Amino acid sequence: EPEVTQTPSHQVTQMGQEVILRCVPISNHLYFYWYRQILGQKVEFLVSFYNNEISEKSEIFDDQFSVERPDGSNFTLKIRSTKLEDSAMYFCASRNPGQGGGEQYFGPGTRLTVT
Amino acid sequence: AQKITQTQPGMFVQEKEAVTLDCTYDTSDPSYGLFWYKQPSSGEMIFLIYQGSYDQQNATEGRYSLNFQKARKSANLVISASQLGDSAMYFCAMRGQAGNQFYFGTGTSLTVIP
């Protein structure tokens, strides 16, 4: 069964450093998302991406964040200058609008720890 | 604005019993989707079940069913015949008419007792 994959599973970085979180969405999906979940809290939307551009973003997704689909399979989230409060689990998700109810399929997440 | 409320931070159920996890929502969109996800301790988010706002019948997927009461704006998840592997966090989520982002509730931690 196809699944969303994410690398790395855990990333430790120092405050102020840049990190790139990588995702490979399900191959025939057209919409891609990033969410984050601070430990013990609910999942929060960051950004959605369709047709090679951002279709929606939340207030959390400020200028330090960017997304890219550098090729036909990868979808990346870059955090330019990490802050302590960026420590969270980051989930990538994808969906196929023609499938079921448009449910989003999530990757296993990348745990980002900023020290 | 869309809002999802899960009022049960923690629930316990005896193995083989049924349990209901509550979810209420608020939206002004005429068309929307409601979803439940399971998050085990390993952290991944697993899609369980979907209910469309115009669906006449409650959704079912194996041991999972969704008790959808549109007038009350509730979409409770019912797990029948609980198993030890059902112990996890459960999140209710909603997709609005625009169809982009999901809005999640704060989750319910379910513990199945042997």
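Owing to the predicted nature of the structure, the values given are computational and were not obtained by experimental measurement. Below, chain A is the first sequence line, B the second, and so on; all start at residue 1.
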S.K.: Nearest 0.5 angstrom please: B/Q101 CD to A/E44 CD, how far?
M.R.: 11.0 Å
S.K.: Could you measure the distance from the CE atom of B/M45 to the CZ atom of A/F91? Nearest 0.5 Å is fine.
M.R.: 6.0 Å
S.K.: Is any side-chain heavy atom of A/Y35 closer than 4.5 Å to one of B/F102?
M.R.: yes
S.K.: Applying a criterion of heavy atom separation less than 4.5 Å, what residues of residues 22-36 of chain B form contacts with chain A?
M.R.: B/F35
S.K.: Are more than 12 heavy atoms, taken from residues, nucleotides or ligands other than A/D63, located less than 6.0 Å from that residue's CG atom?
M.R.: no
S.K.: Counting only non-hydrogen atoms closer than 4.5 Å, can you tell me which residues of residues 47-84 of chain B sit against chain A?
M.R.: B/F47, B/Y50
S.K.: When you look at CD of A/E85, are more than 12 heavy atoms from neighbouring residues, nucleotides or ligands closer to it than 6.0 Å?
M.R.: yes
S.K.: If hydrophobic clusters are built from ILVMFWY residues whose side chains come within less than 4.5 Å, do A/V114 and A/W34 share one?
M.R.: yes
S.K.: How would you list, by chain and number, every residue that makes a side-chain hydrogen bond (donor to acceptor under 3.5 Å, both in side chains) with A/Q11, sequence neighbours excluded?
M.R.: none
S.K.: Does one hydrophobic cluster hold both A/F65 and A/M15, with members joined at side-chain heavy-atom distances below 4.5 Å?
M.R.: yes
S.K.: With chain A, which of B/S109, B/G105, B/G107 has the greatest number of heavy-atom pairs at distances under 4.5 Å?
M.R.: B/G105
S.K.: For A/Q104, is there any backbone N or O sitting under 3.5 Å from a side-chain donor or acceptor partner on B/Y37?
M.R.: yes
S.K.: Determine whether B/R95 and A/E103 satisfy the following criterion, side-chain contact (heavy atoms from CB on, under 4.5 Å), listing intermediate values before the conclusion.
M.R.: CA-CA 9 Å; B/R95 167 179 54 79; A/E103 52 269 18; over 6 Å; no
S.K.: Rounded to the nearest 0.5 Å, what's the gap from CZ on B/F104 to CD on A/Q37? Could you check?
M.R.: 9.0 Å
S.K.: I'd like to know if A/L30 and A/F106 are part of one continuous hydrophobic network [Ile/Leu/Val/Met/Phe/Trp/Tyr, side-chain heavy atoms within less than 4.5 Å].
M.R.: yes
S.K.: Is B/Q39 close to chain A through its backbone or its side chain, or both, or neither, when contacts mean heavy atoms under 4.5 Å?
M.R.: side chain
S.K.: Under a single-linkage definition using a 4.5 Å side-chain heavy-atom cutoff for Ile, Leu, Val, Met, Phe, Trp and Tyr, are A/F61 and A/Y33 assigned to the same hydrophobic cluster?
M.R.: no
S.K.: Let me check something: do A/Y31 and A/V43 share a hydrophobic cluster, defined by ILVMFWY side-chain heavy atoms less than 4.5 Å apart, either directly or through other members?
M.R.: yes
S.K.: Show me, pair by pair, the donor-acceptor contacts under 3.5 angstrom made by side chains of residues 70-77 of chain A, not counting sequence neighbours?
M.R.:
{"unit_1": "A/D71", "atom_1": "OD1", "unit_2": "A/S73", "atom_2": "N", "d": "2.8"}
{"unit_1": "A/D71", "atom_1": "OD1", "unit_2": "A/S73", "atom_2": "OG", "d": "3.2"}
{"unit_1": "A/D71", "atom_1": "OD1", "unit_2": "A/N74", "atom_2": "N", "d": "2.8"}
{"unit_1": "A/D71", "atom_1": "OD1", "unit_2": "A/N74", "atom_2": "ND2", "d": "3.2"}
{"unit_1": "A/D71", "atom_1": "OD2", "unit_2": "A/N74", "atom_2": "ND2", "d": "3.0"}
{"unit_1": "A/T76", "atom_1": "OG1", "unit_2": "A/E68", "atom_2": "O", "d": "3.4"}

S.K.: Under the ring pair (Phe, Tyr, Trp, His ring centres under 6.0 Å) criterion, do B/Y103 and A/F45 qualify, and how do the steps go?
M.R.: CA-CA 7 Å; B/Y103 300 86; A/F45 170 76; 7.7 Å; no
